[in-house]
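Read through the structure below, which is laid out as structure tokens, and then see the notes.
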Amino acid sequence: MTANPKQVLRDVFGYDAFRGPQESIVAHVCAGGSALVLMPTGGGKSLCYQIPALCRPGTAVVVSPLIALMQDQVGALRQAGVRAAALHSAESADAVAATWRQLQGGQLDLLYVSPERLLNGDLIERLADLPLALFAIDEAHCVSQWGHDFRPEYLQLAVLAERFSAIPRIALTATADPRTRAEIVARLGLEQAAVFLASFDRPNIRYVLRDKSEPRRQLLAFLDTQRGHSGIVYARSRKRVEEFATALKAAGHDALPYHAGLAAETRSAALERFRLGSGVVVVATIAFGMGIDKPDVRFVAHVDLPKSLEAYYQETGRAGRDGLSAVAWMLHGSSDVPPLRRFIDDSDADPAQKRIEHGRLDALIGFAEASSCRRRILLSYLGEADSSDCGNCDVCLEPNQGADVTEPARKALSAVYRTGGRFGAAHLVDVLLGGETARIRSLGHDQLGVHGIGKELDRGQWRSLFRQLSARGYLVAAADGHGGLQFGDDALVRPLLRGETRLEIRLPPAAKQRRGAAVGAGAGGGPPAPADNADPGLLAALKAWRLEQARQQGLPPYVVFHDRTLIAIAERRPTVLEDLAGITGIGTAKLASYGEAVLAVVGSQTAPA
Ligand code: ADP
Ligand code: ZN
């Protein structure tokens, strides 16, 4: 095997160029240096240690926290002709014996191990006698006690620095939080290691937020734009997960519920269907998370607010790992906030930690209510002060920010005042829209001057306005806890009522305009839809062929070929192996095992006229 990284990238993985900081990381580790790699999900962390593993003599040992992750990585590497194996509790005794033989005989390029397996028993002793290329510690944030993925065994990995001081160690994580970074460095003895920090931007993910009015109907309308795509829908509670999953199934989606209340077998079956299938939608609580490295998740939808902006970033980051366009879609409404606040208050964290959690929630609410580019807010929160608007979020794509809402806001405040500060937004909106309900009549609210003066906005816009007036302190909930709205800060309210200040707020478009304009993966600016120029008939045939290959080998389809590769084939229609070899994701081994079969599929589908 050649030792040139560029050549390995081309021959083994079938890629033409390194991405972002990959090239310098690979060069550094190949030269024997240790590294901490911080890169977003989908950034391409695996190649940062896989290529040095192939360029350096000896076996690379990769510590990975989840069996499913190891299996997928080993499966994908073997498809690419790399000698890889895993040691963990799900391997048969025969497989373990074979792995030992290969390891001892110097026939393994990469060995994946769980931390338990590495640290218990005599594996460390045995490794000490073998030539080792490097240690890679994947998902290195598992060492952090702050994070929710904390794994106590990761702490013991400190032993690697002591026992194997001459072997390069490379720790990798998609967690951007500075505190977690510092903890990784301290606990894994990486003080001397080079730190490689990639941008945490995920430019192929489109961020789309919507005011929550009728979550079920809104979700179904969104999913209509995503038919046939794999995706995740996050909801707050088990009960809501079940409800939404049922509704999606009734609407003809291949949807599955996933939450901690389900039996372990049911959960692993759901995970398996999601990994191996295409077009499967998992409706889940946050219990569904780590270990999902499916690259072709096309959307992540939140029907309830996540608990922080970090959580939002992590959860939405599961979309579009393959770099093709994907959507992060979220409904938000003020009713989401009180349960999240209660959750923090009721936890047994100390007061300082609770204040931090409340602050994190505030950042999320600020993001949701923002009238400037979502991505800029997200990235600045992650410590990247970016200067330009992204052109691929709802704010950038549907600019109506800063609409002057001074008059409607005064009407809203008048409605609060005239009705005595005892009513919630729903009733106030009814009054402003001139509703003739029994309640309005019995209260005499149809006799008020504010009755029916608000026809310029529709119900959804009024609700949003009330929410935003609350978020900005113009209105507050009455102290009796019954949800009535009252005037907030006098210094805000008075000048507005007197007409001394003006107010600009971004409102959702009117429902009439909104209908049929749901944002899908391909609508408007941003990266192209996944298969813009591919011949759809050929692409479908290639996918069917891939599914069959994957089934026969018990592998997820993307391990055979990524969507990106099939799309490139369907665009270029290669007729000879030579042309096929030039396509992204087709290295020497895949060309040999699948080349002829792929050409046959292309040949069987006549080109469109
Ligand atoms: P991470 O572990 O950082 O989430 P992966 O290592 O799984 O990301 O890589 C994400 C996807 O990008 C994978 O499908 C991988 O094959 C692909 N990829 C990584 N590096 C490159 C590259 N240089 N060129 C093309 N595709 C790449
Ligand atoms: Zn934007």
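Side chains included, hydrogens not; waters and symmetry mates left out as well; all remaining heavy atoms used. Note that ligands are numbered from 1 as they come in the structure, with each ligand's atoms numbered from 1 the same way. Position 1 is the first residue of the sequence; numbering continues from there. Everything numeric in this text was worked out from a predicted model, so none of it was measured.
- Looking at ligand 1, you won't find any N or O of Thr41 less than 3.5 Å from one of its N or O atoms.
- The residues Lys212 and Asp304 are annotated as salt-bridged, a charged nitrogen and a carboxylate oxygen being separated by less than 4.0 angstrom.
- In the vicinity of Leu47, heavy-atom distances shorter than 4.0 Å reach the ligand 1 atoms 19 (C), 20 (N), 21 (C).
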Go through Tyr258 and Phe274 one step at a time and tell me if the ring-ring contact (aromatic ring centres under 6.0 Å, His included) criterion holds. CA-CA 11 Å; Tyr258 189 104; Phe274 185 65; 9.3 Å; no

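- Scanning the protein heavy atoms around atom 14 (O) of ligand 1, the nearest turns out to be His562 CE1, 2.5 Å.
- The atoms of ligand 1 that sit less than 4.0 Å from any heavy atom of Ala17 are 22 (C), 23 (N), 24 (N).
- The residue Met39 has no part lying near ligand 1, judged by heavy-atom distances below 4.0 Å.
- Between the SG atom of Cys393 and the SG atom of Cys373, the angle taken at the Zn ion (ligand 2) works out to 120° after rounding to 10°.
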Assess the residue pair Arg206 and Cys390 against the criterion (side-chain contact (heavy atoms from CB on, under 4.5 Å)); give the C-alpha distance rounded to whole Å, side-chain angles, the decisive distance to 0.1 Å, and a yes or no. CA-CA 9 Å; Arg206 170 173 300 174; Cys390 76; over 6 Å; no

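- Side-chain atoms of Tyr381 and Arg376 form no donor-acceptor pair, as typed in the model, at a separation below 3.5 Å.
- When heavy-atom distances to ligand 1 are checked against a 4.0 Å cut-off, Pro40 comes that close only through its backbone atoms N, CA, C and O.
- Residue contacts with ligand 1: Thr584 is placed with no nitrogen or oxygen under 3.5 Å of a nitrogen or oxygen of the ligand (distance criterion only).
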Steps toward side-chain contact (heavy atoms from CB on, under 4.5 Å) verdict (Leu324, Asn204): CA-CA 6 Å; Leu324 299 173; Asn204 60 311; 5.5 Å; no

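- Polar contact with ligand 1: absent for Leu9 (N/O pair, distance under 3.5 Å).
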Between Arg10 and Lys6, does the side-chain contact (heavy atoms from CB on, under 4.5 Å) criterion hold? Intermediate values first, please. CA-CA 6 Å; Arg10 175 65 248 170; Lys6 242 339 203 321; over 6 Å; no

Start with the C-alpha distance between Thr173 and Glu139, add both sets of side-chain angles, then the distance that settles side-chain hydrogen bond (donor to acceptor under 3.5 Å, both in side chains), and finish with yes or no. CA-CA 5 Å; Thr173 179; Glu139 313 286 354; 5.6 Å; no

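- Considering backbone and side-chain atoms together, Arg19 places an N or O closer than 3.5 Å to an N or O of ligand 1.
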What verdict does the side-chain hydrogen bond (donor to acceptor under 3.5 Å, both in side chains) test give for Tyr558 and Asp72, after you've listed the backbone C-alpha separation in whole Å, the side-chain angles of each residue and the deciding distance to 0.1 Å? CA-CA 10 Å; Tyr558 56 82; Asp72 283 359; 3.0 Å; yes

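- Atoms of ligand 1 lying under 4.0 Å from any heavy atom of Ser46, numbered from 1 in the order shown and given with element: 2 (O), 5 (P), 6 (O), 7 (O).
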Show the numbers, then the answer: is there a side-chain contact (heavy atoms from CB on, under 4.5 Å) between Val113 and Ser64? CA-CA 6 Å; Val113 288; Ser64 174; over 6 Å; no

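- Close contacts between ligand 1 and Phe18 involve ligand atoms 23 (N) [criterion: under 4.0 Å to a heavy atom].
- When Gln22, Arg321, Arg564 are ranked by how near their heavy atoms come to atom 7 (O) of ligand 1, first place goes to Arg321.
- Less than 6.0 angstrom separates the ring centroid of Phe299 from the ring centroid of Phe222.
- Looking from atom 15 (C) of ligand 1 to the surrounding protein, the closest heavy atom is Tyr15 OH, 3.7 Å.
- Below 3.5 Å of separation, one finds an N or O of Gly44 facing an N or O of ligand 1.
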